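The shown structure was predicted, so the numbers you read here are calculated from the model rather than taken from an experiment. Within every chain, numbering begins at 1; the chains are lettered A, B, ... in the order of the sequence lines, protein sequences first and strands thereafter.
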Amino acid sequence: MRILEVKNLSIQFGGLRAVDDFNLSLGKDELVAIIGPNGAGKTTIFNMLTGIYRPTSGSIELEGESLVGLKPYQFAQRGISRTFQNIRLFSNASVIDNVKMAATMHSKDNLVSSLLRTRTMVKHERELDEKVMSLLEPLNLADKADLLAKNLPYGDQRRLELARALMTDPKILLLDEPVAGMITTEIEEMAELVVRIRKDFELSIILIEHHMNFVMPIADRVKVIDFGKTISEGTPDVVQKDPKVIEAYLGGGYQNANA
Amino acid sequence: MKTTNAKTMHPLLRKFGPLLGCIVFYVVIMLLRKADIINGYYMQVMLFAGVNVLMTASLNLVNGFTGQFCIGHAGFMSLGAYGAAVITTMVFKSNSIPEAAQIPVFLLGLLCGGIVAAIVGALIGIPSLKLKGDYLAIVTLAFGEIVRALLRLIQPIGGARGMIGIPNYANFFWIMLFVVLTLWLLRNLIYSSYGRAFIAIRDNEIAADAMGINTTKYKIMSFCIAAFIAGVAGGLYAHVLSFIQPDSFGFVKSADYLVYLYAGGSGSLTGSVVGAVLLTILPEVLRFLATWRLVLYAIILIAVMLYRSEGLIGGKEVPFLRIKRSSLYEQPLFGRKKNGLSEE
Ligand SMILES: Nc1ncnc2c1ncn2[C@@H]1O[C@H](COP(=O)(O)OP(=O)(O)OP(=O)(O)O)[C@@H](O)[C@H]1O
Ligand SMILES: [Mg+2]
């Protein structure tokens, strides 16, 4: 069974049709990449898949349940989590608190037990703390747990966003340009990390990225968007050779342009 | 310095030190009062300082921790003041309350004052916090003035002249009890999933939403809790002064609390205590300067904001008002309950 079915998703901003008839049928554990030039509408697709924008038309179904019209937090509670292209951390909170904040919806403590800080509440807090630390460990963030998020170097901030998204316990993870602004070695690390997360957490992933050499080896399928329209899709090999893609996006050989 | 102390301190001392400190502080103040070193006037200033700590700390929950902007906090204070005073003075006729029933009636009054403020908080918070943006500021500004105008019109509670003859139940003991209790509860709240949700909303509302936090619900919750505390503080205020009138809770009062909050340091409970206490006492200390005192007060404030724009305390907390992560892993002090933490 497909976990996510997106049909004819479109959104209109004034005269601009930023996304036009986007379709996606995402399988369980599948990794689909969305590529396309700047302003193509990739982030807008994510914003619709997380409830930040309400599509003008089209449907989003997660395991058979329609999500259109729900609030962003409800998308997250049903299992769609994301990272942001322009990092959006809780900058004045510590690294560990950033991740704990993403567990708010799973909290078992009510207002009274929190106000009184009961034994059970402390026990839950400790369990959460241990869980978050075990998540930070493989991301190389454990020894920075008590630093403020805003004081982290850029690469750490990207990985923290990933940890935070995982903490919501998602079924589908949306990664918006996870290696933007990273150097080559960091990009390779991130590719390994995404592959490992996908396996360990049994996640379906949708990934937006400009770096071809990042996307191509890890994606099962690629969708190419230009001016809001899907112009090509298929396995990485097929898409790379599609003349429409080369013309619209790759401009005569991505390897030279993005190596 | 303080943090290293807290680390090496005996857990027993660290847990009960603050409580012990409070008791010692209380006893010392009472002795000084007995010896008349603290006269009645100084005492009243201290009581107002306590009320102002409650007001500032609750405002901090909304403005400092949840990142919303309430600028009519005195409105909730007036609702609580009138609510409590109506209970103790009109429903129960203060001079005919038997001695033994005075305290329960007083506490009932405070509770009612808090509840009235919280309900009104929900009524204005729900519509304005559902919207994104700074609607809360405008709505609370209007709310403060509307409450004042309405209270002036209601004759049975004295209209514009106000209410007199409110019993002065709120002595140093009660004020201090409520301050300590409130700070303890607020600290617990901030170091819980609720507090983290508030801070997440403050730091990045879009991300908080995307991480499954029902931002509207938590904003309303924070706002109503703050309104409740402000209501209780208003009730205490009424029972310190014995006299309240609508015009004491105008915009100027709300602005005072904003000044206490930002001068002390928003987002820090310690800052609220320091800001409220210092700035309540400062004008009294400067009283010998007669009319010049307000000028100097303003200059001091400007200096603080220029040289410490994050407030006097700026994001720090004294050990009692913060909870370190490591304390989650401590064994309980008393082994009587063998479930919970002492397992494994
Ligand atoms: N809220 C909005 N109102 C109006 N126009 C918008 C809005 N959001 C996005 N757009 C427009 O929609 C188009 C697609 O933007 P989008 O951010 O999705 O591009 P993108 O593919 O993510 O590009 P990039 O690679 O630069 O991140 C752009 O022309 C953008 O200006
Ligand atoms: Mg984008």
Taking it one step at a time, do B:R187 and A:L115 satisfy side-chain contact (heavy atoms from CB on, under 4.5 Å)? CA-CA 8 Å; B:R187 179 207 67 167; A:L115 278 168; over 6 Å; no
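Ranked by non-hydrogen atom pairs under 4.5 Å with chain B, the options A:R164, A:R82, A:Q77 are led by A:R164.
Within the 4.5 angstrom heavy-atom criterion, only side-chain atoms of A:M121, from C-beta onward, approach chain B. Heavy atoms closer than 4.5 Å to chain B are found in the side chain of A:A145, but not in its backbone. In this structure, chain A has no heavy atom under 4.5 Å from any part of B:I201. Contact of B:I225 with chain A is made through the side chain alone, with heavy-atom distances under 4.5 Å. Interface remark: B:Y191 contributes backbone and side-chain atoms alike to the contact with chain A (heavy atom separation under 4.5 Å).
Within residues 88-107 of chain A, the residues having any heavy atom under 4.5 Å from a heavy atom of chain B are, by residue number, A:R88, A:L89, A:F90, A:S91, A:N92, A:A93, A:I96, A:D97, A:K100, A:M101, A:A102, A:T104, A:M105, A:S107. Residues of residues 69-76 of chain A that come within less than 4.5 angstrom of chain B, heavy atom to heavy atom, are A:P72, A:Y73, A:A76 in numerical order. Heavy-atom proximity under 4.5 angstrom to chain B picks out A:I52 from residues 47-58 of chain A.
At a threshold of 4.5 Å between non-hydrogen side-chain atoms, the residues B:W184 and A:L116 count as touching.
To the nearest 0.5 angstrom, A:E125 atom CD is 7.0 Å from B:S193 atom OG.
The environment of CG in B:D134 is sparse: at most 12 heavy-atom neighbours from other residues, nucleotides or ligands sit within 6.0 Å. Environment of CD in A:E202: sparse, with no more than 12 heavy atoms of neighbouring residues, nucleotides or ligands closer than 6.0 Å.
Judged purely by atom type and a 3.5 angstrom limit, B:Y194 uses its side chain to pair as donor or acceptor with the backbone of A:L111. Of the possible polar contacts, none joining the A:R117 side chain to the B:L189 backbone as a donor-acceptor pair under 3.5 Å is found.
What you find for B:M211 and A:A165 is that their closest heavy atoms are SD-CA, 4.1 Å. Scanning both residues, A:R126 and B:Y329, for their nearest heavy atoms gives CG-CE2, 3.6 Å.
In this structure, B:F69 has no ring pair (Phe, Tyr, Trp, His ring centres under 6.0 Å) partners at least two apart in sequence or on a different chain.
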